[in-house]
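See structure below.
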Number of protein chains: 2
Amino acid sequence: MARVRFDKEKVLESATNAFWHLGYTATSMQTLVELTGLKPGSIYLAFGNKEGLFKESLDYYAQQSLDNLEATLDKYQSAEEALPHILMTFVEESCQSEYCSCFLVKSQLELSEQQTELKDHVSQRLRKVESLYFASFLKNNTENVAKAKAASIMLHIFGVRVYGYHSHSKDQLIDALHLGLPWLSWPINH
Amino acid sequence: MARVRFDKEKVLESATNAFWHLGYTATSMQTLVELTGLKPGSIYLAFGNKEGLFKESLDYYAQQSLDNLEATLDKYQSAEEALPHILMTFVEESCQSEYCSCFLVKSQLELSEQQTELKDHVSQRLRKVESLYFASFLKNNTENVAKAKAASIMLHIFGVRVYGYHSHSKDQLIDALHLGLPWLSWPINH
DNA sequence: TAACTGTTTGAATGATCATTCAAGTTAATT
DNA sequence: AATTAACTTGAATGATCATTCAAACAGTTA
């Protein structure tokens with residue numbers, strides 16, 4: 001089937017899942033070949049190398065996350081109202097048995113100082129998320145407060161992403177979020 | 001020099017550092033051989049295999065962390081007084097250029113569902129930390145409050161460990177901690 | 001229909017991986 | 001001094017790693 005380019009979206013979805021679940025180092029090209037259905041040559045022609053495919057997978061995941069986030073933020077009057085819902089979906093996710101934390105967070109922590117380029121790539125995407133929260137908080141807050149609130153949200157999200165990975169105790173997680181983020185507009189029925 | 005057992009403490013320190021900085025998968029036995037100074041045979045006799053050495057490294061790190069934590073908690077009247085100091089050291093650490101997050105957190109996120117045994121090993125150590133905070137909070141709080149406070153602390157610590165790995169902005173981190181943990185006895189000057 | 005161009009194919013490559021084990025070494029025991 | 005026991009040594013093993021590339025293929029163009 002030469003001259004019939006593969007479905008890049010599908011390939012990226014498979015690759016993203018592999019890297020997300022197994023990690024960058026532990027995901028072999030052989031695994032990628034199996035899961036994407038592409039032959040090595042095709043992968044290398046399309047993405048250059050393993051690192052290239054990883055980067056595009058990161059972008060694929062990050063773009064989805066950002067789109068999702070933006071949509072939810074737009075649905076509510078303020079970030080203070082939207083965030084309880086966002087956080088609750090994160091908590092719900094973290095309770096599922098196949099929970100795999102956040103691809104960006106996992107990647108960030110896996111990459112070492114030696115892999116500066118990849119690490120910066122991930123950092124950039126994470127900062128984009130924070131700046132989205134920051135911009136949203138700016139509507140009802142001074143710049144300093146918005147900055148602190150955005151950072152506090154990031155701390156809590158990172159926390160949920162790590163905490164939920166080893167302990168599936170939903171109630172405890174929710175209590176901790178209420179305690180740490182009392183300035184959010186939590187729904188009244190607890 | 002047969003019959004002269006190697007210095008296990010030194011070996012574990014080297015191995016811990018390697019695993020901590022590079023991650024479990026990315027640390028090869030060859031690297032371990034170089035850094036510990038042991039020959040492959042000696043490592044396998046003493047630790048069984050790579051996984052065994054990794055486990056002992058985790059324990060070595062976890063024990064040090066717990067000892068440190070316990071000592072600091074004992075130095076102050078309450079956990080509410082001790083924690084600002086503990087958190088500030090974590091923030092300080094996160095600002096250093098060679099910062100490498102927390103070995104336990106990194107390992108937890110690197111291990112996948114397939115490596116159940118190793119993952120549980122790490123989870124257990126992380127839970128021990130939380131229960132230490134919990135026990136300390138019990139002195140001045142009801143059980144429910146102590147539990148929520150301990151969870152909130154864990155969220156913030158995980159947050160610092162991830163946040164600090166990609167963004168070295170000390171002030172932002174401190175502001176976020178003040179915002180999220182107002183019930184701690186922060187020192188008056190700031 | 002013949003030549004061309006961009007894509008796929010998959011076996012091959014050499015490097016590196018975790019692990020093994022027979023041989024060597026040294027201290028303790030007899 | 002001879003033997004035994006405990007440990008170290010490091011080359012070797014086979015598996016798996018990321019990557020390459022010549023050949024096959026199928027659309028497009030001339």
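In the text below, chain A, chain B and the rest are named by the order of the sequence lines, each starting its count at 1.
In this structure, the side chains of Ser94(A) and Leu173(A) come closer than 4.5 Å at one or more pairs of heavy atoms.
Remark: nothing in residues 12-23 of chain B comes within less than 4.0 Å of DNA chain C through any heavy atom.
The distance between atom CD1 of Ile43(B) and atom P of dT9(D), rounded to the nearest whole Å, is 11 Å. Atom CZ of Phe6(B) and atom C1' of dA6(D) are 12 Å apart (whole Å). Summarising the geometry, the separation between CG on Leu45(A) and C1' on dA22(D) is reported as 14 Å, rounded to the nearest angstrom. Rounded to whole Å, the distance from CG on Asp7(A) to P on dT8(C) is 12 Å.
Under 4.0 angstrom from either OP1 or OP2 of dG10(C) there lies at least one side-chain N or O belonging to Lys39(A).
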Would Tyr99(A) and Glu92(A) count as a side-chain hydrogen bond (donor to acceptor under 3.5 Å, both in side chains) here? Give the steps.
CA-CA 10 Å; Tyr99(A) 182 60; Glu92(A) 295 290 347; over 6 Å; no
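Around the NZ atom of Lys55(A), the shell of radius 6.0 Å holds more than 12 heavy atoms that belong to other residues, nucleotides or ligands. Atom NZ of Lys139(B) sits in a crowded spot, with more than 12 heavy atoms from other residues, nucleotides or ligands closer than 6.0 Å.
In this structure, Ser101(B) OG and Leu109(A) CG are separated by 5.0 Å, a value rounded to the nearest 0.5 Å.
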Letter by letter from the 5' end, nucleotides 13-21 of chain C scores (B base, S sugar-phosphate only, - none; protein heavy atoms under 4.0 Å) ----SSBBB
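With a 6.0 Å cutoff to the six-membered ring centre and a 45° limit on the axis angle, Arg161(A) counts as a cation-pi contact of Phe90(A). Cation-pi check for Lys8(B) over Tyr60(B) is not met; the charged atom does not lie both under 6.0 angstrom from the ring centroid and within 45 degrees of its normal.
Partners of Tyr44(B) by side chain to side chain contact (heavy atoms under 4.5 Å, CB included), not counting sequence neighbours, listed by chain and number: Met29(B), Asn49(B).
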